[in-house]
Asks: 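Questions regarding the structure given below will be posed in turn.
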2 protein chains.
Amino acid sequence: MTSPAVPAPRTQVTRKDVARYAGVSTAVVSYVVNGGPKKVAPATEAKVQDAIRLLGYRPNAAARALKLGSTETIGLIIPDNSNPFFSLLAHAVEDAAAELGFALFLTNSDGNLAKERRNIRNLAARQVDGVVLASVLLDPDLTDLEAAEIPSVLLSHSERSAGFTTVGVDLAEGARKAVEHLVWHGHTNIGLAMGTTTGNEGDAREDGWLQALKDAGLAEGPIARSEFTRVGGYAAGQRLLASANRPTAIFASSDMQAIGILRALHEAGLSVPGDMALASFDGAVEAEYSWPPLTTVEQPVRDMAEAAVRALVGADRGEPARHRVFPTRLLVRQSCGCG
Amino acid sequence: MTSPAVPAPRTQVTRKDVARYAGVSTAVVSYVVNGGPKKVAPATEAKVQDAIRLLGYRPNAAARALKLGSTETIGLIIPDNSNPFFSLLAHAVEDAAAELGFALFLTNSDGNLAKERRNIRNLAARQVDGVVLASVLLDPDLTDLEAAEIPSVLLSHSERSAGFTTVGVDLAEGARKAVEHLVWHGHTNIGLAMGTTTGNEGDAREDGWLQALKDAGLAEGPIARSEFTRVGGYAAGQRLLASANRPTAIFASSDMQAIGILRALHEAGLSVPGDMALASFDGAVEAEYSWPPLTTVEQPVRDMAEAAVRALVGADRGEPARHRVFPTRLLVRQSCGCG
DNA sequence: GTGAAAGCGCTAACAC
DNA sequence: GTGTTAGCGCTTTCAC
């Protein structure tokens, strides 16, 4: 069914209609609908409920929002909903929000700073009660939100950021765990496929990789930088294979990159983990179904999403800004040489 | 930044403040902000713009929505945003909506009928201007939307449905193409891994598979039914392998199932396409990065999303309900035996 | 070209 | 327990 070419005459049933039909005042209807703030006699309540049902009354959220100054809505900004990590994150945020009666505006920034800013502005204009931002930057511009006094939290953000509530994982520690595992397998030349960020900022996964190497007394392996995507990983994989000191193992900063590397490896006729071991980061389901299944550092996406929403509009609302770090877990599968 | 424990005193700058500051009436501010419906003298306009900038004025969307009866918002209901097919669809719908100045409420039904209905109701209460529904059912219950006179379109819907605008692909034809290709490779025993729907309704992909077999004078191959997921595909794959008349090729009704089948095949030490050829449906990016890359029937997701949004709130709004079928394309890769 | 004012549907303080 | 009513911020008709 599509909308009529000419807008139909406003046929909306209002609170007033219900009141008239039930023979009460509009206030009473409000009390019934909202369960307060005043008590209503059971008999009256029944009359009102009947009227509501009969008339098919549905409260107008816009009017309510105008009056209350709250839309029961939050906004989410992610780089790319078609990236498995973010789509899972979005799903989890939606669940957490719905749990609290909040609806979720989904916006993609496509790794584009201007678009991210536009989305922030747009959400602010729509009077959302909060925004969850998985930014392309370490230090996003939140002035529009601040001006509108809209709380925000930085999700999938691994650095403490003064004055902001942030939730993420310890990237360095996660990366270190994965690389240490590769070291444990006996590898002495471990390469890094590192994702690049829009802001060209450093990434702690690189530090973790380096630290693990140092701790093991190993030389720094080759690095290939590329996008946090399958295509990016594919290119990085090819470069790593062609490098003068070809590694025997690779740590990839995301599962998507590892998937790309896997393709490069397969095309080169190399076996994994025999000719090249692999470990990555994120814990996407896709990594469990690659061949071989990827050993990866899992991020507790649902927990992080819940924490973000709770800090924004749930129980933790109003608590002082802080950096919440969630634990990662090394999912040991076969690409590393286990099993 | 989190919200203050005690709601700050409403500090919002309103149209009235701007008017006072600029020394004009509130009507003029409206004219300037909306570029109409009346003309404003350039000098006045400048004064108003200055005031807006200085005061940091931002229009209140809720008030506007209340007045206009339109929220410039659409709702999307999909089964699962962490399924690559739907996450891409959601991204595309968001893009199409944003293009038209509409924001997108994302909701997941998790393949759950009750949840789908709850989401519909919730979106209706929020006065969305339209809803795009990728239902778990062939014949979803849209009464809440109809009662609220909210237009809707059924997306990723392959059956004509009287009175509804629907957009989808010809599943039977797509499946037929894939199976015909498998036949062309010389296979005579082609199994089917068929996804099951919540409503237990038939799926035209099955018809397409059967038709291709019949047209080629082939006997009906074995069928394994399971969920439209990786896990489902994995189980289906195992069953197909164990079946009395094990096929030499499988057509899977979704890429996710094929990914699962691939795992079952690998675990069984079978080579693809050597020991078992494979083709599937959807055209997810993940299918391009599996090993071997999957031959799959691509759905034009972006085109479908755009068509849905356009029919809802864009140029095609108000056109009579119709069933829009988009063409699929066989993406020939290696799992079928090519290359 | 500009302004005054009605009213969108709702909540809740206040009066009874 | 129930009713009256004043706005929330905005758009737009109608008068000037």
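We name chains A, B, ... by the order of the sequence lines, and we start the count at 1 in each one.
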Asks: Between atom CZ in B/Arg58 and atom C1' in D/dC10, what is the gap in whole Å?
Replies: 17 Å
Asks: Please give, in whole Å, the distance from C/dT2 P to B/Lys39 NZ?
Replies: 12 Å
Asks: Does one side chain, of A/Ser70 or A/Asp129, offer a donor that lies under 3.5 Å from an acceptor on the other?
Replies: yes
Asks: What string of B, S and - do you get for nucleotides 11-16 of chain D, 5' to 3', if B is base contact, S is sugar-phosphate-only contact and - is no contact with any protein heavy atom under 4.0 Å?
Replies: BBBBB-
Asks: Which residue lies toward the 5' end of DNA chain D, A/Ala41 or B/Thr14, if each is placed at its nearest nucleotide?
Replies: A/Ala41
Asks: Could you check whether A/Asn81 and B/Asn81, counting side-chain N and O atoms only, form a donor-acceptor pair closer than 3.5 Å?
Replies: yes
Asks: Output the rounded distance in Å from NZ (B/Lys16) to P (D/dG7).
Replies: 9 Å
Asks: Taking A/Asp144 first and then A/Arg117, would you say they form a salt bridge - that is, a charged N and a carboxylate O separated by under 4.0 Å?
Replies: no
Asks: A/Leu55 CG to C/dG9 P: how many Å, rounded?
Replies: 14 Å
Asks: Should stems be defined as at least three consecutive Watson-Crick or G-U pairs with both distances under 3.5 angstrom, which of them involve DNA chain D?
Replies: C:1-16 with D:1-16
Asks: Measure from CG on B/Leu66 to C1' on C/dA6 and round the result to the nearest Å.
Replies: 13 Å
Asks: In whole angstrom, what separates B/Glu45's CD from C/dG1's C1'?
Replies: 13 Å
